[in-house]
Protein chains: 2
Amino acid sequence: MPPTARERVRAELTREITDAARRQLAEVGAAALSLRAVAREVGMVSSAVYRYFPSRDDLLTRLIIDGYDDVGAAAEAADAPDAPPRDRWLAVCRAVRAWARSHPHEYALLYGSPVPGYRAPQDTVPAAARVALVLGRILGDAAASGALPPAGGARDPALISDDAVAVLGGDHPAFDDVVRTRALLAWSSLYGTISFELFGHFVGSVQDGDRYFDRAMSELAALIGF
Amino acid sequence: MPPTARERVRAELTREITDAARRQLAEVGAAALSLRAVAREVGMVSSAVYRYFPSRDDLLTRLIIDGYDDVGAAAEAADAPDAPPRDRWLAVCRAVRAWARSHPHEYALLYGSPVPGYRAPQDTVPAAARVALVLGRILGDAAASGALPPAGGARDPALISDDAVAVLGGDHPAFDDVVRTRALLAWSSLYGTISFELFGHFVGSVQDGDRYFDRAMSELAALIGF
DNA sequence: CTCGAACGAGAGCACCGCTCTCGTCGGAGT
DNA sequence: ACTCCGACGAGAGCGGTGCTCTCGTTCGAG
């Protein structure tokens, strides 16, 4: 059956609230995001917002999921499946960095200190995995096209989970635990590099952020074998 | 002249406040650290604390500096100057990870999202540099002892600052921008790895955190040339 | 010994997350 | 077509927060 008028206005108001919350987040950051200010912006009284989100943390969880989807979409859009693996890797890294620099508070919410007591993992996992899936597909395609040399072939399920192995291109002669470790390392190092830049730990060390980033990501590509 | 009784009790009370704040931080995290709760714990009224710290953010800044000093001391204690560079690097990495795992909220305060509007960089810089100085000394010693092969020698001051070059062992035939980039990358990747583990981004991927960490840090050591 | 500075306590302001109650109104079932 | 339950928005209120101001007290330098 079609949505009733009440359902439509509810969906509309939910969107207005999340939009206002996203604007607040972009302006003042997650720590200073106030549910009451969001309510004021949409012309509601604060208690009315609780009809739509049970708590401030649930509102933040919504923003987290949307953020993961946003950066995931940016990564997917930047990936050119026909390009060489090294170019694909670099393009995705650049896209994630560009997204982070244009959404610093959202990036901090996703990859900085966890803000609420507990994040709801179940809901955020699929959205959070999108960037990793893009990187994993690059790795898998590189192996399938024979761009990677065969590896030793050791496989220890107690080290890296089966799920991660599946994301990283599955079973292939080019993959062993060393290659998979390097891929996970490159993945986390991408975010380590962006976090250091965004959170100011490179201040006084790295002068040209753009060139340093490209060089660092190229080193990681070479480490993987691209 | 010797400190007056008033000065001594002031120093003592300042210490009591920071100690209570550190306990609060360890328990509930920086976001939930309340100046009023700290005041209650030391038996003061909240307004009295403002005689010692002008604002909650200044209290947090004090904790940030202490945290940098603490992890810096742990890194320095773990470094064995007579060991091979690779062993020294791995030992320092393990020490930083161990500190982070035993002080998760403090680690998040130091290397997660910046909490206050602005962190006071001038005060925190020397304490924050201690871990980097340890890693830089390992690199410098390795070069001085001839453990590193000579490098191409390119040096672009617009890429990496002179300060960072000094920390990374100064000018040496074994160093060029490629080696220095790899060292900075390894440095930030150490924190990227720890952050991913602590903030839950490895959940579902890495099964054995200890072994993965050692392998990943070994890959970084090899990347530098250790 | 004096007097100003430092100090602790208390009240108060504006804001926060969240709960509860109370009219109102939409819409599904009869 | 009517009824009635549930969703809804508004408002008051609770306990908490950071921070400011005032007011006596007390310490210690001159």
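Quick caveat, the model's predicted, so the values are computed rather than measured. Order of the sequence lines sets the chain letters (A, B, ...), proteins ahead of strands, with each chain counted from 1.
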If the cut-off is 4.0 Å, is B:R10 near the phosphate of C:dA6, judged by side-chain N/O to OP1 or OP2?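 B:R10 to C:dA6 OP1/OP2: no side-chain N or O under 4.0 Å.
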
Does any N or O donor sit under 3.5 Å from an N or O acceptor when you compare the side chain of B:R36 with the base of D:dG16?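 Such a pair does not exist between side chain and base.
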
List for me each residue that meets salt bridge (charged side-chain N to carboxylate O under 4.0 Å, His left out) alongside B:R56, sequence neighbours excluded, and say none if there are none.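 If we apply the salt bridge (charged side-chain N to carboxylate O under 4.0 Å, His left out) test to B:R56, skipping adjacent residues, there are no hits.
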
Rounding to a whole Å, what distance do you find between [X]:[atom1] and [N]:[atom2]?
X: A:D58; N: C:dG17; atom1: CG; atom2: P; value: 13 Å
X: A:E16; N: D:dG9; atom1: CD; atom2: C1'; value: 14 Å
X: A:R8; N: C:dG26; atom1: CZ; atom2: P; value: 13 Å
X: A:R56; N: C:dC16; atom1: CZ; atom2: C1'; value: 9 Å
X: B:E12; N: C:dG8; atom1: CD; atom2: P; value: 13 Å
X: B:F53; N: C:dC7; atom1: CZ; atom2: C1'; value: 16 Å
X: B:Y50; N: C:dG12; atom1: OH; atom2: P; value: 18 Å

Hey, can you pull the residues of residues 40-48 of chain A with a non-hydrogen atom under 4.0 angstrom from DNA chain C?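 Those residues are A:R40, A:S46, A:S47.
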
Side-chain donor-acceptor pairs under 3.5 Å in residues 126-139 of chain A, sequence neighbours left out?
unit_1, atom_1, unit_2, atom_2, d
A:R130, NE, A:E76, OE2, 2.9
A:R130, NH1, A:D69, OD1, 2.8
A:R130, NH2, A:E76, OE1, 2.7
A:R130, NH2, A:E76, OE2, 3.4

Tell me whether the NZ or CZ atom of A:R180 lies within the 45° cone about the ring axis of A:F175 and under 6.0 Å from its centre.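 No; the conditions do not both hold, so A:R180 does not lie above the ring face of A:F175.
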
May I ask you to check whether A:T61 and A:D58 show a side-chain donor-acceptor distance below 3.5 Å?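 A:T61 vs A:D58: no donor-acceptor pair found between side chains.
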
A:R51, nearest nucleotide to its side chain (from D:dT26, C:dC18, C:dT21):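 Closest nucleotide to the A:R51 side chain: C:dT21.
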
Keeping to residues at least two apart or across chains, list the side chain to side chain donor-acceptor pair (under 3.5 Å) pairs with something in residues 32-49 of chain A.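 Residue pairs with at least one partner in residues 32-49 of chain A: A:R23-A:E41.
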
Pairs involving residues 94-105 of chain B, ordered by first then second residue, that meet side chain to side chain donor-acceptor pair (under 3.5 Å) (sequence neighbours left out):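 For residues 94-105 of chain B, and leaving out neighbouring residues, the side chain to side chain donor-acceptor pair (under 3.5 Å) pairs sorted by first residue read B:D70-B:W99, B:R94-B:D214, B:R97-B:E197, B:R97-B:D210, B:R101-B:E197.
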
Please list, chain by chain and in numerical order, all residues satisfying side-chain hydrogen bond (donor to acceptor under 3.5 Å, both in side chains) with A:D79, sequence neighbours excluded.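 Testing A:D79 for side-chain hydrogen bond (donor to acceptor under 3.5 Å, both in side chains), a comparison that skips the adjacent residues, returns A:R88.
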
Nearest heavy atom decides the nucleotide; on that basis, is B:Y52 or A:P54 closer to the 5' end of DNA chain C?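 The residue whose closest nucleotide sits nearer the 5' end is B:Y52.
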
Closest-nucleotide 5' rank along DNA chain D - winner of B:L35 and B:R6: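 Its nearest nucleotide being more 5', the pick is B:L35.
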
For B:L59, report the nucleic acid contact type (base, sugar-phosphate, nothing); a contact means any heavy atom under 4.0 Å.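 B:L59: no heavy atom of the nucleic acid under 4.0 Å.
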
